[in-house]
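Order of the sequence lines sets the chain letters (A, B, ...), proteins ahead of strands, with each chain counted from 1. Quick note: numbers below take in every heavy atom, side chains included, and nothing from hydrogens, waters or symmetry partners.
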Amino acid sequence: MSAGRGLRGAIVWAIAPYAPTAPFRIWGGPDQPVAVVETATDLARMALERGLDPEQTFLTAGKLRPVVILQERPRRALPEYAALRIVRLEGLPRAGQEAIRAGREPSLFYLKAGRAKYGMTKEGAIDLNSLLRIHESAIAGRPIGRLDADEMRAVGESLAQHLDIDLTLLVERKIRERMARLAAARRTLD
Amino acid sequence: MIRTRSVAANDVRVPEPEPGEAVRIEKYGGKASKAVVLHPSDFALFERLLEIFEDGVPYELELTETALEAHALAESGRDEAEIDYESLARALGE
């Protein structure tokens, strides 16, 4: 994958792991049985009492699937990208599918089927509750589609809300800057 | 949201603010404000910001059943019956 430039807004196929959940399965090597630790607290106790290796290899499920990349990496200084999973609509009840198509589901940004724009033959939706980190080596091939700037703006605004990020001060500063620009433009016209 | 009262333009005389401008109507020789008139586009922005920031309620409380179901399906890979091979082939240039 020649990742690095122009990936913000791109729809790519990538290995998208699920969030590790208990019980946790730990791979100890080819000759060792897979260890099962029931809870994160149990693992912490093991670390405290007996000592653990500096890191463990957790066995966790994942899937090759389309995701939308949220960040640009022009310097390629960071190999990981924030991304959102694209969910297919076909598994949902008909009423839910229709609500998504009509834009009545704020958590699900509708992507119609079609090769031209989004590169998928099945319709889907960006799940705003599925923030992932995708390493560039986990991206397969090249982008199949892309969200435009307006769509990325809408996704970004909605994502900030879904993540409970408080943007009050940022927005306030932007408004003041906008007001100052408008006032300066008006003074120039006068 | 802020409570909004409407009056007909023919019933009042108000200054006409430009976008990005607030006209403060003063009283007591400028020691107090009686009203502030905004351009409609600025008021729309103000209302939108209020809507975003006024409650601070965790967004999870607003998730719909469809959103939860879609997320559960995707988080377990049960949302698709079959992989979209045509799309995948496109990614691989085949």
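- Among the candidates B/Ala67, B/Ala81, B/Ser76, the residue making the largest number of heavy-atom pairs closer than 4.5 Å to chain A is B/Ser76.
- Contact annotation for residues 22-37 of chain B against chain A (heavy-atom separation below 4.5 Å): no residues qualify.
- A/Leu159 CG to B/Tyr59 OH: the interatomic distance, rounded to the nearest 0.5 Å, is 11.0 Å.
- Enclosure of atom CD in A/Glu90 by more than 12 non-hydrogen atoms of other residues, nucleotides or ligands within 6.0 angstrom is indicated.
- Taken together through direct or relayed side-chain contacts under 4.5 Å among Ile, Leu, Val, Met, Phe, Trp and Tyr, A/Leu89 and A/Val68 form parts of separate hydrophobic clusters.
- Contact annotation for B/Leu88: both backbone and side-chain heavy atoms come within less than 4.5 Å of a heavy atom of chain A.
- Side-chain atoms of A/Tyr18 come within 3.5 Å of backbone atoms of B/Gly77 as a donor-acceptor pair (strictly under, hydrogens ignored).
- At a 4.5 Å heavy-atom cutoff, the contact between A/Ala19 and chain B is made by backbone and side-chain atoms alike.
- Counting heavy atoms from C-beta on, the side chains of A/Ser107 and B/His71 never come closer than 4.5 Å.
- Hydrophobic clustering, with ILVMFWY side chains joined whenever heavy atoms are under 4.5 angstrom apart, keeps A/Leu92 apart from A/Tyr118.
- Residues B/Gly93 and A/Arg142 approach most closely at CA-NH2, 3.4 Å, considering heavy atoms.
- Side-chain contact between B/Leu63 and A/His162: present, with at least one pair of heavy atoms (C-beta onward) separated by less than 4.5 Å.
- In terms of heavy atoms, B/Ala70 sits closest to A/Val87 at O-CG2, 3.7 Å.
- Using a 4.5 Å cut-off between heavy atoms, A/Leu108 contacts chain B through its side chain alone, with no backbone atom that close.
- Neither the backbone nor the side chain of A/Leu163 has a heavy atom closer than 4.5 Å to any heavy atom of chain B.
- Taken to the nearest 0.5 Å, the OG1 atom of B/Thr64 stands 8.0 Å off from the CD1 atom of A/Ile100.
- Checking A/Arg85, A/Arg65, A/Lys63 one by one against B/Asp79, the side chain to side chain donor-acceptor pair (under 3.5 Å) holds for a single residue, A/Arg65.
- Considering every non-hydrogen atom in both B/Gly20 and A/Leu182, the closest pair reads CA-CD1, 3.4 Å.
- Looking at A/Arg115, both its backbone and its side chain come within 4.5 Å of chain B, counting heavy atoms on both sides.
- By the rule that hydrophobic residues join a cluster once side-chain heavy atoms approach within less than 4.5 Å of another member, A/Leu59 and A/Leu43 end up as members of separate clusters.
- Within 6.0 Å of the CD1 atom in A/Ile15, the count of heavy atoms belonging to other residues, nucleotides or ligands does not exceed 12.
- Between chain A and the options B/Arg78, B/Glu65, B/Glu21, heavy-atom pairs under 4.5 Å are most frequent for B/Glu21.
- When atom types are taken as modelled, the side chain of B/Asp84 and the backbone of A/Thr121 share a donor-acceptor pair closer than 3.5 angstrom.
- Of all residues in residues 6-18 of chain B, those placing a non-hydrogen atom less than 4.5 angstrom from a non-hydrogen atom of chain A are B/Glu18.
- Clustering ILVMFWY residues whenever any of their side-chain heavy atoms sit less than 4.5 angstrom apart, transitively, puts A/Trp27 in a cluster other than the one holding A/Val36.
- If you measure heavy-atom distances from B/Leu68 to chain A, you find no contacts under 4.5 Å at all.
- Looking only at side-chain heavy atoms (C-beta outward), B/Asp42 and A/Met179 come within less than 4.5 Å of each other.
- Cluster membership for B/Leu73 and A/Leu64, using ILVMFWY side-chain heavy atoms within less than 4.5 angstrom, is not shared.
- When heavy atoms are compared at a cutoff of 4.5 Å, A/Asn129 approaches chain B by way of both its backbone and its side chain.
- Expressed to the nearest 0.5 Å, how far CD1 of A/Ile11 lies from CZ of B/Arg90 amounts to 9.5 Å.
- Proximity of B/Thr66 to A/Arg104: side-chain heavy atoms (C-beta onward) are nowhere separated by under 4.5 Å.
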